[in-house]
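Both ligands and their constituent atoms are indexed starting at 1 by order of listing.
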Amino acid sequence: MGINIHDPEPIRFLDADGTFAPNESAAEYLSEIEDLAVEEVQEWYRSMARSRAFDTECTNLQRQGQLALWAPNLGQEGCQVGLAYATIPEDHLFPTYREHAVADVRGVPLLDLAAQFRGLTHGGWDVNDPKNGNFHLYTVVLGAQAQHAQGFALGMLLDAKRKAGNTALDPNEPGTRTDRGVMCFYGDGTTSQGEANEALVFAQSYQSPVVFVVQNNQYAISVPVARQSRTPLYRRALGFGIQSVQIDGNDVLASYAVGRRFMRDAREGRGPGYIEALTYRVGAHTTSDDPTRYRENEELEEWKTKDPLRRAAGYLRSLGVSDEAIAEIDAEAAAHARVVRERILALPASRPDEIFDYVYAEPHPRLQEQQNWMHAYEASFAEEVAS
Ligand SMILES: Cc1ncc(C[n+]2csc(CCOP(=O)(O)OP(=O)(O)O)c2C)c(N)n1
Ligand SMILES: [Mg+2]
């Protein structure tokens, strides 16, 4: 039996063709986009187009045996780009393994992303390097990053309290401004993980400056969201006492406006937030998955009519941007993806024994033994070839 609560309509600014038509739920967020310039929206579209072209290229590269695996974000560019632009440079972002557009907006080179899926790097990028925009490492262990993100946000809160000469961490104390915050991404399926829920408990207890973003792309591999939750996911956070809303995740404008408000609230000491972005994974879960085995084509086609790029392009046109200018951005994105492709193919192979380098900070006798064994094993093939 369902629970009878009235859910407001998901927050939406743009209709299916990109016409600006905010619904009732969007009214209180209109002030977030008051000063928005056309050039900014054009930048968002550029990021969305870049992401899509790159994603398509990576799927192709995997099919050609050039990447070991790829997790497409096709169809999820609206919420990824809108939310990424809603952050400030001082914020820290904790992703899953599918936030390629967020990574790009924050400055992580797409080549570094692809290198990881080619099996050439262990972590992917150096989070301490400012050029990577405080974008943390991809996390495949579902929900682990929710705890990392919450812990990191708690650290920000402690730093701010100490700076203000207050070392007590009283959960009932009014909020503290941290001037920076954390955005944490995970998927609909991950809301079932203990860690995702434990992070919510800590976030509400300490009122830490963290915003959880659930990209509800309707599936956890082959399991539809309806099988995991009988209530809309955003309601779960309400149960923890966390400010929570549902947005149209294929609407880049709604994603930006709500993300901006929630992040500002978090940074200014008004507590954590939770945003459920309704979207759709148009591609496969990963290149190892065949979605035709568990979902109907009609459903896919229906979601394609809500394509976030088409909607953003429609909005740009309504702001006076010409078809030629939009086509130019698309062409630029395709050209960029081709350059990334060439660079991926030219990446040097990694040393097989590199796996030993990052286990401990200092040399370790047992690992040294294993490394020696590996070298001897590899050398045995050289002898075979010689004889
Ligand atoms: C702790 C854990 N359990 C299981 C898996 C295997 N697994 C990888 S992705 C995935 C589905 C995740 O779905 P969702 O959270 O909706 O994210 P999406 O892939 O749709 O973006 C599963 C079960 C895992 N990586 N980690
Ligand atoms: Mg999912």
Could you tell me whether E276 and R236 have a side-chain N and a carboxylate O separated by less than 4.0 Å?
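The answer is no: the pair does not qualify as a salt bridge.
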For E328, does the CD atom sit with more than 12 other heavy atoms under 6.0 Å from it, leaving out its own atoms?
no
For atom CD of E24, is the number of surrounding heavy atoms from other residues, nucleotides or ligands below 6.0 Å larger than 12?
no
Sort out for me which residue in F185, Y97, W125 forms a ring pair (Phe, Tyr, Trp, His ring centres under 6.0 Å) with Y138.
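The option that passes is W125.
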D248 side chain to F13 backbone, donor-acceptor under 3.5 Å:
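No.
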Mind checking what residues have non-hydrogen atoms under 4.0 angstrom from ligand 1?
Y97, R98, V140, V141, L142, G187, D188, G189, T190, Q193, N217, Y219, A220, I221, H285
Between S51 and N73, does any side-chain donor sit less than 3.5 Å from a side-chain acceptor?
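Indeed, the side chains of S51 and N73 share at least one donor-acceptor pair under 3.5 Å.
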Ignoring hydrogens and angles, state whether a donor on the side chain of N372 or Q368 is under 3.5 Å from an acceptor on the partner side chain.
yes
Counting only protein atoms, how many N/O/S atoms are less than 2.8 Å away from the Mg ion (ligand 2)?
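That number is 3, waters not included.
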Could you check R281, E99, R98 and say which one makes a side chain to side chain donor-acceptor pair (under 3.5 Å) with Q215?
E99
Calculate, to the nearest 0.5 Å, the distance between atoms CE and CZ belonging to M183 and F262 respectively.
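The distance works out to 10.5 Å.
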